[in-house]
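All values reported here derive from a predicted model rather than from experimental measurement.
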Amino acid sequence: MTGQFRTIKVSNVLDQLADVQDALEAFVEELGLSDDLRHSLLLVVEELFVNTVHYGYDGAEPDTIAISVGLRKDGDLHLTIRDQARPFDVSQPPRVPTGEESLEEIQVGGLGLFLVHELARQILHQRHGNSNITEIILPRGGAAA
Amino acid sequence: MTMKGFFKMIEISDSIDGGAVIVHPKGKIDTLTAKTFEAHLKKHIDEGIGPLLVDLAEVDYVSSFGLRSMLVVAKLLAPSGRKYVLFGLSPQVHEVLRVSGFLRIIPVVASRAEALALAEAAAGSS
């Protein structure tokens with residue numbers, strides 16, 4: 001499907017990220033989105049996709065992850081990610097770095113989800129049957145200011 | 001165009017300026033490429049003694065995995081006192097470092113000249 005809406009379906013393996021990125025880059029280019037919005041979109045999708053692939057499944061359980069992105073009339077992006085991984089509510093805020101931790105103390109693992117919360121204007125999570133449906137609004141200006 | 005397999009290719013070249021090694025990655029530093037980037041910098045840490053500068057002018061995207069690699073390198077270099085400076089960041093990459101709090105940990109400047117000046121100042125004071 002072309003136009004201002006795109007759905008990308010990939011399997012739950014890490015190297016599919018390259019295909020996801022190629023599809024997102026094509027979408028960004030077609031719509032002439034700003035560099036800020038491009039970076040936010042790539043980052044939020046990568047952090048959530050990688051998090052789901054790393055932690056969402058028991059062993060080699062195959063799944064299809066569907067990533068939909070649409071440009072709204074107000075210029076914001078509406079992102080929806082649907083997977084059948086174990087329940088995970090991304091909308092719960094992660095621990096906020098205080099900036100006073102030493103290098104050793106920084107919890108790097110939580111950084112990805114922290115960035116998602118910084119960049120998104122809104123994050124909604126629903127569990128429908130065995131599916132996680134995560135909806136995110138990315139503001140047109142890029143980082144949520 | 002897309003590389004199959006766990007690691008995607010990232011193009012990285014090196015140059016030398018005075019006693020400093022300047023590393024020039026190109027493209028995305030993300031989940032698929034961060035390990036390659038990190039291994040490249042670690043090789044310089046093991047083999048070199050001077051300042052290590054990273055030119056990010058041709059890096060158009062950094063995710064948390066890329067940030068993590070930058071932090072690992074800072075951590076490895078800290079005990080030796082060897083200078084580590086990033087420069088040439090796009091506004092978007094700079095913003096991700098800022099939001100993460102990494103600007104407080106890793107020296108970041110705008111230009112190559114500033115990065116070299118900072119590295120030399122550090123070398124002269126030690």
Original post:
Under the side chain to side chain donor-acceptor pair (under 3.5 Å) test, which residues partner A:S11, sequence neighbours left out?
Top reply: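 In terms of side chain to side chain donor-acceptor pair (under 3.5 Å), with neighbours along the sequence ignored, A:S11 is linked to no residue.
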Original post:
Sequence neighbours excluded, which residues qualify as side chain to side chain donor-acceptor pair (under 3.5 Å) partners of B:D55?
Top reply: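 Per chain and number, B:D55 pairs via side chain to side chain donor-acceptor pair (under 3.5 Å) with B:H24.
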Original post:
Can you list the residues that meet the ring pair (Phe, Tyr, Trp, His ring centres under 6.0 Å) rule with B:H44, with sequence neighbours excluded?
Top reply: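 Expected list: B:H40.
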Original post:
Side chains of B:S90 and B:L56: closer than 4.5 Å at any heavy-atom pair?
Top reply: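 A side-chain contact under 4.5 Å is absent here.
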Original post:
Taking C-beta and beyond as the side chain, do A:Q16 and A:I65 meet within less than 4.5 Å on heavy atoms?
Top reply: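 Not in contact.
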Subject >> Side chain A:R72, main chain A:I137, donor-acceptor under 3.5 Å >> reply: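 Not a single qualifying donor-acceptor pair exists.
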Original post:
Does the B:S69 side chain pair with the main chain of B:E38, one donor and one acceptor, at a distance under 3.5 Å?
Top reply: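 No; judged by distance alone, with no hydrogens or angles, the pair does not exist.
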Original post:
What residue in B:V93, B:D60, B:V96, B:V72 has the most heavy-atom pairs under 4.5 Å with chain A?
Top reply: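 Heavy-atom pair counts peak at B:D60.
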**OP:** Side chain from CB out, backbone as N, CA, C, O: work out which of these in A:L115 comes under 4.5 Å of a heavy atom of chain B, or both, or neither.
**Re:**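 Contact with chain B involves the side chain of A:L115 alone.
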Original post:
Can you name the residues of residues 42-49 of chain A that have some heavy atom under 4.5 Å away from a heavy atom in chain B?
Top reply: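 If one takes a 4.5 Å heavy-atom cut-off, the residues of residues 42-49 of chain A near chain B are A:L42, A:L43, A:E46, A:E47.
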